[in-house]
Amino acid sequence: MSVTTEQVETRVIETLASFGPEASQITRGATFEELDIDSLDLVELAQVVEDDYGVVLKGEDMKDLKTVGDAIDLIVDRAG
Amino acid sequence: MPESEARGTALVTGASRGIGAAIASALASDGWDVGVNYRSDRDGAEAVVAAIESDGGRALTIGADITQASAAEHLFSELESQFERPVLVLVNNAGITADDLTPSLGDEAWDSVIETDLTAAFRLTRRALRPMLRARAGRIVNIASVSGLRANPGQANYAAAKAGLIAFTKTTAVEVARRGITVNAVAPGVIETDMTVGLNGDLLSLVPARRAGKPEEVAACVRFLVSDEASYVTGAVLSVDGGLAA
């Protein structure tokens, strides 16, 4: 299955918005810290990604992610 | 007897008899659809389901050896498809003992108790948390033991597993508390079940209440922890032991 960056971006933003921050604040450059996205939120995001794209992201994959763009790029890279 | 629509699905492991059977019945009477897990006692599990159904509840038998790594996925996906609702209650009740004094305790007796009483509970909890995190709701109750709180010679393996289960309960509770999910432990003492048949009277004489407990007395505590009334109780260990651990 091949996915486009746009598809992943839409899904990631939609998922992150469900954790609290305004969708308008969730840009590629926004950091998880600014958005008040914590480690448990990232675990949930990883589960959504696994369910939707079959990409398994472990805690160690997620811990170096700083921005929304980092997450999108990682997912697209793994799904490719 | 349930008077309203089912509230969701509950999975009780090791529910074909004893404490697990009593928990399954109690949750069904509170309106939960219950997965009655068993490993080998299919007849027992079917009797539990029949009793729940005759009281107007909904339940299913679901066989699985929870020490198998694939068991968690099998149990949850089967229940999700049969009841068409996410599993929002998990009661890790299944447990075994293989008693011996530490100097002669075999590797197999150690490993099998740790696998069943601790590792399986971890795997089931990990799987259970997926839908619970999404739902921002969930109840996990781990059935520990007084042996995890105070020494009971001959049960080093069981004690280590149950003390581990208590520490696991507390840590997981803290990790997911902000998602509206509670994780608690119940620590039964001497309860009248097949597991305690043959226990010598010495242990009973240590129980301040001077009697063994009944499975229903443990189930009542689980029922409370699963209820809406217990929404602010998490990371707790509720002793149900006639004062044995006090």
Side-chain angles (χ1 to χ4, degrees), chain A residues 1 3 7-26 30-68 70-72 74-79, chain B residues 8-9 11 69-90 119 121-140 142 167-184 231-235:
Chain A
M1 183 184 69
V3 291
Q7 286 171 322
V8 171
E9 190 167 318
T10 304
R11 190 75 180 104
V12 167
I13 290 173
E14 176 186 285
T15 304
L16 293 176
S18 75
F19 302 147
E22 290 293 323
S24 61
Q25 294 180 298
I26 309 172
T31 66
F32 293 123
E33 195 176 353
E34 289 164 0
L35 297 172
D36 202 20
I37 295 292
D38 63 18
S39 54
L40 188 63
D41 294 324
L42 290 180
V43 167
E44 264 194 84
L45 175 64
Q47 293 182 348
V48 169
V49 166
E50 184 178 341
D51 291 347
D52 288 5
Y53 306 118
V55 174
V56 179
L57 298 176
K58 297 285 181 201
E60 61 206 56
D61 297 319
M62 307 297 284
K63 77 176 182 344
D64 294 330
L65 302 178
K66 296 280 185 290
T67 67
V68 175
D70 292 344
I72 293 166
L74 176 69
I75 295 160
V76 172
D77 181 53
R78 295 285 183 87
Chain B
T9 303
L11 168 61
S70 58
E73 188 53 44
H74 164 67
L75 285 166
F76 280 84
S77 39
E78 183 69 18
L79 287 177
E80 283 159 0
S81 85
Q82 292 287 332
F83 286 129
E84 298 178 337
R85 313 273 292 266
V87 177
L88 295 180
V89 176
L90 168 64
T119 308
F122 152 65
R123 290 206 192 101
L124 289 160
T125 299
R126 181 176 58 186
R127 176 60 180 78
L129 285 171
R130 290 183 79 110
M132 290 178 184
L133 286 168
R134 299 265 178 103
R136 301 288 189 269
R139 293 280 192 269
I140 297 174
N142 295 320
F168 172 70
T169 299
K170 292 181 179 183
T171 306
T172 308
V174 168
E175 288 178 357
V176 300
R178 60 192 179 280
R179 290 291 197 275
I181 302 165
T182 70
V183 188
N184 291 289
S231 50
Y232 202 55
V233 181
T234 196

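All values derive from a computational prediction rather than experimental measurement. Quick note on labels: first sequence line is chain A, next is B, and so on, each numbered from 1.
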Pairs of donor and acceptor atoms, chain A with chain B, under 3.5 Å:
residue : atom : partner : partner atom : Å
D38(A)  : OD2  : R178(B) : NE           : 2.7
D38(A)  : OD2  : R178(B) : NH2          : 2.8
D41(A)  : OD1  : R179(B) : NH2          : 2.3
E44(A)  : OE1  : R136(B) : NH1          : 3.1
E44(A)  : OE2  : R136(B) : NH1          : 3.2
E44(A)  : OE2  : R179(B) : NE           : 2.7
E44(A)  : OE2  : R179(B) : NH2          : 3.0
Q47(A)  : O    : R130(B) : NH2          : 3.4
D51(A)  : OD1  : R130(B) : NH2          : 3.0
D51(A)  : OD2  : R134(B) : NH2          : 2.9

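Remark: Q25(A) engages no residue in a side chain to side chain donor-acceptor pair (under 3.5 Å) (not counting sequence neighbours). With sequence neighbours left out, the side-chain contact (heavy atoms from CB on, under 4.5 Å) criterion links A167(B) to no other residue. When the side-chain contact (heavy atoms from CB on, under 4.5 Å) test is applied to T31(A), the partners found at least two apart in sequence or on another chain are E33(A), E34(A), T67(A).
Annotation: the span from L129(B) atom CG to L40(A) atom CG amounts to 9.0 Å, rounded to 0.5 Å.
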